[in-house]
Amino acid sequence: MTLGYDLSDQHAQLRETVRAFAEGQLAPVAEELDREGRFPAELVQAAAELGLLGIPLPESAGGSGFDTVAYAIAIEELARVDSSFAITVAAHTSLGTMPIHLFGSEQQKARWLDDLASGRGLGAFGLTEVGAGSDAGATRTTARLDGGEWVIDGSKMFITNAGTPLSKLVTITARTGPDEVSNIVVENGTAGYDQSQPLKKMGWRSSDTRELTFTGCRVPEQNLLGPRGEGFRQFLEILDGGRISVAALGLGMAQGAFEMGLSYAKQREQFGRPIGSFQAIQFKLADIATEVEAARNLVYKAAWLKDQGRAFAQQAAIAKLYTGELARRACNESLQIHGGYGFMDEYPISRFYRDAKVLEIGEGTNEVQRLVIARGLGL
Ligand SMILES: Cc1cc2nc3c(=O)[nH]c(=O)nc-3n(C[C@H](O)[C@H](O)[C@H](O)COP(=O)(O)OP(=O)(O)OC[C@H]3O[C@@H](n4cnc5c(N)ncnc54)[C@H](O)[C@@H]3O)c2cc1C
């Protein structure tokens, strides 16, 4: 049984390409990368060569020129095998590259966009701080103008992709005045910009997550992204788009967990027959299959609305909330179907189970999604 459906030949071809990459190159090393907590720079470069690091960016900007639906399909396929890798691609694309594509001047695009969209360098987005998580507007990092340069002081927490050997830049939110937040680009290698060692995590162990510090860090005044004081509005727009990719990630994880559970249920025998012949197991799989189908429709609809230039924030939050919770449920039920073997490291479902939790936290917690959805309901 396959749960996938395709919207056009182009989407089907992309799904095939990404699936071949994920199954052929990612699957054989995913467990090892997770155990070693190693960032797979060589695989990111291989994905870049396939055009997977700039899927929804225009070809004129170095990207692959696909739509958001195609991008969601690609993230879904990567997450079906390894969500650590999928978040590396999704954070780079939606959070690292999009701010420059959407808000950058022609000069800024000429300087950075081609490298990012083609995957020659990785981009990161630094919003979260120790004291500013769900309350992202509580940013304490400051940037003041001095002699034609921004002088940045502060820190950012839990930032994806900022410290890898491929990392090129981070866009950070900073206070540029008492009631003013702006986005500023800081290139890797700038004096006064440091990244911690990779943080030790429960899941997503082969993705790169670090704390960043800025100490008297000076960047040219021209690194300001868009008009001064627009940082708050800009990051809300970035997060809305990012939620579609994280929702696609949850969908892919649920699909992967479902397939593992189904295959195990057919092959594992107890009481002289496959465990898939017991109704208790069948019902688990039937429930996940139903929810995955619903999730796919939610995710593709959010992506399609964005592609149509229509309002999509509400749908993206709904998709993100639903798929985050579904990924946790699906991984839990699939692990249950695996019995004790599911608890062992050599079965990928144990990695999926650990990885799934973060989907209820990152890019806005479940509670924050519910706040956004409630606001959309006029409450
Ligand atoms: C692996 C990983 C990668 C990440 N990558 C990035 C990145 O690349 N860039 C970046 O900027 N950030 C990144 N983050 C940060 C992430 O977005 C935050 O962790 C998240 O927004 C939650 O913030 P917090 O951790 O400070 O939790 P808090 O905001 O402290 O929340 C704690 C709890 O309180 C709840 N809560 C808070 N406020 C309310 C409220 N008003 N009503 C109800 N409940 C509430 C929350 O839902 C949560 O359950 C990453 C996080 C992780 C774990």
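Atoms within each ligand, like the ligands themselves, are counted from 1 in listed order.
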Item checked: Shortest protein contact, atom 10 (C) of ligand 1 (heavy atom only) -> Thr128 OG1, 3.3 Å
Check: Which class fits the ring pair Tyr264 and Tyr341: parallel under 30°, tilted 30 to 60°, perpendicular over 60°?
Finding: tilted
Check: So which bit of Trp204 gets within less than 4.0 Å of ligand 1, heavy atoms only: side chain, backbone, both or neither?
Finding: side chain
Item checked: Nitrogen or oxygen of Leu127 less than 3.5 angstrom from that of ligand 1 -> yes
Check: Protein heavy-atom contact under 4.0 Å for atom 32 (C) of ligand 1?
Finding: no
Note to self: Can you tell me which portion of Lys156 lies within the under-4.0 Å heavy-atom range of ligand 1? Options are side chain, backbone, both, or neither.
What the structure shows: neither
Margin query: For atom 23 (O) of ligand 1, is there a protein heavy atom at a distance under 4.0 Å?
Written below: yes
Check: Nearest protein heavy atom to atom 35 (C) of ligand 1: under 4.0 Å?
Finding: no
Next item on the list: Measure across Glu149 and Arg218 and return the closest heavy-atom pair with its distance rounded to 0.1 Å.
Entry: OE1-NE, 2.6 Å
Item checked: Nearest neighbour of atom 44 (N) of ligand 1 from the list Arg370, Glu367, Gln369, on a heavy-atom basis -> Glu367
Check: Val358: heavy atom below 4.0 Å from ligand 1, yes or no?
Finding: yes
Notebook entry, point to check: Is there a side-chain contact between Pro99 and Phe125, using heavy atoms and a 4.5 Å cut-off?
Noted result: yes
Checklist line | Under-4.0 Å heavy-atom contact between protein and atom 39 (C) of ligand 1 | finding: no
